[in-house]
Number of protein chains: 2
Amino acid sequence: MISFEHFKMEDGSPIYTQIILYIKRGIIAGTIRDQDEIPSRRVLSSLLGVNPNTVQKAYRMLEEENLIESRSGAKSFMTVSQIQVDLIRAQLLESNARNLITGMKQMGISKEEAHKLIEKLWD
Amino acid sequence: MISFEHFKMEDGSPIYTQIILYIKRGIIAGTIRDQDEIPSRRVLSSLLGVNPNTVQKAYRMLEEENLIESRSGAKSFMTVSQIQVDLIRAQLLESNARNLITGMKQMGISKEEAHKLIEKLWD
DNA sequence: TCAACCGTATTATAACTATAATACGGTTGA
DNA sequence: TCAACCGTATTATAGTTATAATACGGTTGA
């Protein structure tokens, strides 16, 4: 059963995208693996304090990416191939870094200053 | 007159927040200064290809932060104090760096790997 | 077996975001 | 002066996000 203990709801982005991102990052980290069980819609919505429909939307979109398999009445579970892991890693790592770089450049911050800032805030 | 030539609309965040962020980053970079004229609602909406009301919402929120002054009928302009610049710089720099760090940590990426990735993608 | 789950679907409400079409009166430069 | 701007306001429409309250039938373990 995959864990949501480190999930934190914050920014202004939609909750369902935060759930999707949390799961994808777990896949990259290796903490979420192929054939892992995932919490039911009702259980996770209760755990996160959100509406079941919000969880269902996240799960449905992950299912459309073939990262989740569901059967009516039964538990749902992850279906993650190595190809998918590699693809998601490439996408998320790059987009995460590019977001920082774009922002820093628009603020006129040098590469060296950016490195220093990350160094200072990492721990 | 402040310039929007480097403005690019992209992510899934609301357009009005993107406009606000663009202006705040320009303030930090020093390319947008106190007393600078800003484009009229109609001109900027036409330039960006968005609705005038969307620009108005961004301008109104900046006005509520005392970063813009408007008089009915006349041009609007920036009102930026050094105190505001320092505050915005601290806020935006830190949030930008923290976004990267949070993501990288959730993906199980080490600080060294993160530095390398930024180095690779910066230019 | 069957109660307790499960996934799935529907309907309603509400806030937010964005567009569209107007309208009003104030400001300003040629 | 006055046309061309300006900021501001209103009304309507539409899509997205989120919640709430139900409902239906499938799966599964004790």
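Naming: A, B, ... by sequence-line order, numbering from 1 per chain. Note that this is a predicted model, so its numbers are computed, not measured.
Distance B:K57 NZ to C:dT19 P: 12 Å, rounded to the nearest Å. Remark: P of C:dA9 and CZ of A:R60 are 9 Å apart, rounded to the nearest angstrom. Taking atom CD of A:Q56 as the reference point, atom C1' of D:dA20 lies 16 Å away to the nearest angstrom. Straight-line distance from the NZ atom of A:K75 to the C1' atom of C:dG7: 13 Å, rounded to whole Å. Rounded to whole Å, the distance from CG on A:L44 to P on C:dG7 is 10 Å. Between the C1' atom of C:dT27 and the CD atom of B:E37 lies a distance of 13 Å, rounded to the nearest Å. For the pair B:I68 CD1 and D:dC6 C1', the interatomic distance rounds to 14 Å; values are reported in whole Å. Rounded to a whole Å, the OH atom of B:Y16 is 12 Å from the C1' atom of C:dA15.
Under a 3.5 Å cut-off, the side chain of B:Q106 and the backbone N or O of A:F7 do not form any donor-acceptor pair.
In the hydrophobic clustering of ILVMFWY residues, with side-chain heavy atoms under 4.5 Å counting as a link, A:V43 and A:I32 come out apart.
Contacts of B:Y59 with the nucleic acid, taken as non-hydrogen atoms under 4.0 Å apart, are absent.
Distances shown here put every side-chain N or O of A:S72 at or beyond 4.0 Å from the OP1 or OP2 atom of D:dT27. Put simply, A:T54 has a side-chain N or O that comes within less than 4.0 Å of OP1 or OP2 on D:dT19. Between B:S76 and the phosphate of D:dC6, there is no side-chain N or O to OP1/OP2 separation shorter than 4.0 Å. Phosphate proximity of C:dC6 to A:S40: present, with a side-chain N or O under 4.0 Å from OP1 or OP2. The phosphate of C:dT28 has OP1 or OP2 within less than 4.0 Å of a side-chain N or O from B:R71.
Nearest-nucleotide assignment on DNA chain D puts the 5′-proximal partner with B:V43, out of A:S13 and B:V43. For the pair B:R41 and A:A74, nearest-nucleotide mapping onto DNA chain D gives the more 5' position to B:R41.
To the nearest 0.5 Å, atoms CD1 (A:I68) and CD (A:E65) are separated by 10.0 Å. Within the model, atoms CD1 of A:I19 and CE of A:M61 stand 12.0 Å from one another, a figure rounded to the nearest 0.5 Å. With rounding to the nearest 0.5 angstrom, the CZ atom of B:R42 is 13.0 Å from the CG atom of B:L44.
Proximity of A:Y22 to A:K8: side-chain heavy atoms (C-beta onward) are nowhere separated by under 4.5 Å. Side chains of B:D36 and B:M78 form a contact here, defined as non-hydrogen atoms less than 4.5 Å apart.
Across all strands shown, D:dA12 pairs with C:dT19; the Watson-Crick or G-U wobble distances both stay below 3.5 Å. With a 3.5 Å ceiling on both atom-pair distances, the Watson-Crick or G-U wobble partner of C:dC5 is D:dG26.
Test B:L62, B:T79, B:I38 against B:E69 for side-chain contact (heavy atoms from CB on, under 4.5 Å) and you get one pass: B:T79.
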Polar-atom pairs under 3.5 Å, protein N or O versus N or O of nucleotides 21-24 of chain C: list them with distances, or write none.
residue: C:dA23; atom: N6; partner: B:R42; partner atom: NH2; Å: 3.4

